[in-house]
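A short worksheet on the structure shown next.
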Amino acid sequence: ISIPDFADTTWVLLQERVVTHHEIPAQPKDGGARVRSLAMGVSYTDALPVEFWLSTMPIDETAVCPPASPFARCMAERRSLCFPIVPDELARRTAQDFDRPDFLRAMAGRSLLLSPLMARGRVLGLLAFNRDPAARAQFCARDAELADTLARLTALCLDSGRLCNLEQSAALPYPNH
């Protein structure tokens with residue numbers, strides 16, 4: 001839905017325990033988070049090739065978001081964070097925090113919008129939207145409203161799937177011992 005009209009790239013990042021244990025973890029005391037890349041979309045109009053984007057945060061890989069990172073802050077503060085133009089220093093720090101050098105190129109000078117995936121008052125993860133401001137307008141407050149709506153709908157779908165998996169697991173008979 002978000003590609004290509006809303007963003008050039010979009011990531012769906014879930015907290016690791018949601019993926020591995022179908023649990024919604026309590027918020028860590030330090031504000032950090034461990035996330036897994038569940039899905040990504042890339043616009044054919046983006047100046048950077050799809051292969052580049054796939055290398056920045058490959059699908060099904062896990063990353064640790066330090067408490068001060070925008071990704072962890074978005075989840076801890078339970079609100080969207082908008083960076084009309086990501087400063088070089090923030091991009092450099094994020095690349096170092098995630099130990100992913102390509103993040104510098106993926107973020108510096110681009111527009112970034114992060115929205116938490118919330119279900120039943122708990123944070124499942126986040127959506128990350130990225131735009132090339134050389135090719136289109138920077139993200140703004142109106143974009144954050146749309147991103148929040150997309151995040152709510154995505155979280156509802158993910159949480160429904162999570163609950164369905166839990167129900168199926170509970171209904172399976174235990175193996176004989």
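Note: hydrogens, waters and symmetry copies are ignored here, and every other heavy atom, side chains too, is used.
With sequence neighbours excluded, no residue forms a side chain to side chain donor-acceptor pair (under 3.5 Å) with R105. With sequence neighbours left out, the side chain to side chain contact (heavy atoms under 4.5 Å, CB included) criterion links C157 to no other residue. The side chain to side chain donor-acceptor pair (under 3.5 Å) search around S160 returns none, not counting sequence neighbours. A147 is linked by a side chain to side chain contact (heavy atoms under 4.5 Å, CB included) to F6, L113, S115, F129, counting only residues two or more places apart in sequence or in another chain. In this structure, the salt bridge (Lys or Arg N to Asp or Glu O under 4.0 Å) partners of R36, at least two apart in sequence or on a different chain, are E16, D60. Residues passing the salt bridge (Lys or Arg N to Asp or Glu O under 4.0 Å) test with R73, sequence neighbours excluded: E77. Among residues two or more places apart in sequence or in another chain, the side chain to side chain donor-acceptor pair (under 3.5 Å) test is passed with D88 by none. Every residue two or more places apart in sequence or in another chain that forms a side chain to side chain contact (heavy atoms under 4.5 Å, CB included) with P84 is listed here: C82, Q138. Listed by chain and residue number, R100 satisfy the side chain to side chain donor-acceptor pair (under 3.5 Å) test with E61 (two or more places apart in sequence, or in another chain). Taking E89 as the reference, R92 meet the salt bridge (Lys or Arg N to Asp or Glu O under 4.0 Å) condition, with sequence neighbours excluded.
The shortest side-chain heavy-atom distance between R110 and L48 falls under the 4.5 Å cut-off. Using a 4.5 Å heavy-atom cutoff, the side chains of L158 and L38 are in contact. Side-chain contact between D159 and R120: present, with at least one pair of heavy atoms (C-beta onward) separated by less than 4.5 Å. Side-chain contact between V35 and L14: absent, with no pair of heavy atoms (C-beta onward) separated by less than 4.5 Å. Considering only heavy atoms from C-beta on, M75 stays 4.5 Å or farther from L114 through its side chain. Side-chain contact check for V86 versus S111: every heavy-atom pair is 4.5 Å or farther apart. Between R34 and T62, some side-chain heavy-atom pair lies under the 4.5 Å cut-off.
Using modelled atom types, no side-chain atom of D8 and backbone atom of V42 make a donor-acceptor pair closer than 3.5 Å. In this structure a side-chain-to-backbone donor-acceptor pair under 3.5 Å is present from D143 to C140. At least one donor-acceptor pair under 3.5 Å links the side chain of Q15 to the backbone N or O of V123. Remark: side-chain polar atoms of S69 are not paired, donor with acceptor, to backbone N or O of C65 under 3.5 angstrom.
Taking hydrophobic clusters as Ile, Leu, Val, Met, Phe, Trp and Tyr residues chained together by side-chain heavy-atom distances below 4.5 Å, L117 shares a cluster with L146. M107 and L104 fall into different hydrophobic clusters, where Ile, Leu, Val, Met, Phe, Trp and Tyr residues are linked whenever their side-chain heavy atoms come under 4.5 Å apart, directly or through other members. Taking hydrophobic clusters as Ile, Leu, Val, Met, Phe, Trp and Tyr residues chained together by side-chain heavy-atom distances below 4.5 Å, V64 does not share a cluster with L124.
For the atom pair CE of M57 and CG of D102, the computed distance is 13.0 Å after rounding to the nearest 0.5 Å. A distance of 5.0 Å separates CG in L126 from SG in C74, rounded to the nearest 0.5 Å.
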Before giving the answer on side chain to side chain contact (heavy atoms under 4.5 Å, CB included), spell out for R93 and L90 the whole-Å C-alpha distance, their side-chain angles and the decisive distance to 0.1 Å. CA-CA 5 Å; R93 190 172 65 241; L90 177 59; 3.2 Å; yes

What verdict does the side chain to side chain contact (heavy atoms under 4.5 Å, CB included) test give for T154 and L127, after you've listed the backbone C-alpha separation in whole Å, the side-chain angles of each residue and the deciding distance to 0.1 Å? CA-CA 9 Å; T154 302; L127 293 180; 4.1 Å; yes

Full working for side chain to side chain contact (heavy atoms under 4.5 Å, CB included) between R152 and L156: CA-CA 6 Å; R152 274 192 302 277; L156 179 63; over 6 Å; no

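Looking at every heavy atom in both residues, T94 comes nearest to P70 through OG1-CD, 4.0 Å. Between I85 and P133 the shortest heavy-atom distance is CD1-CG, 3.4 Å. Between A155 and A119, the shortest heavy-atom distance links the atoms O-CB, 4.2 Å. The shortest non-hydrogen separation linking P116 to R78 is CG-C, 3.7 Å. In terms of heavy-atom proximity, P67 sits nearest to A72 at O-CB, 3.9 Å. Between A106 and N130, the shortest heavy-atom distance links the atoms O-ND2, 2.9 Å.
Listed by first then second residue, pairs satisfying ring-ring contact (aromatic ring centres under 6.0 Å, His included) with a partner in residues 33-53 read W11-W53, not counting sequence neighbours. Listed by first then second residue, pairs satisfying ring-ring contact (aromatic ring centres under 6.0 Å, His included) with a partner in residues 99-119 read F98-F103, not counting sequence neighbours.
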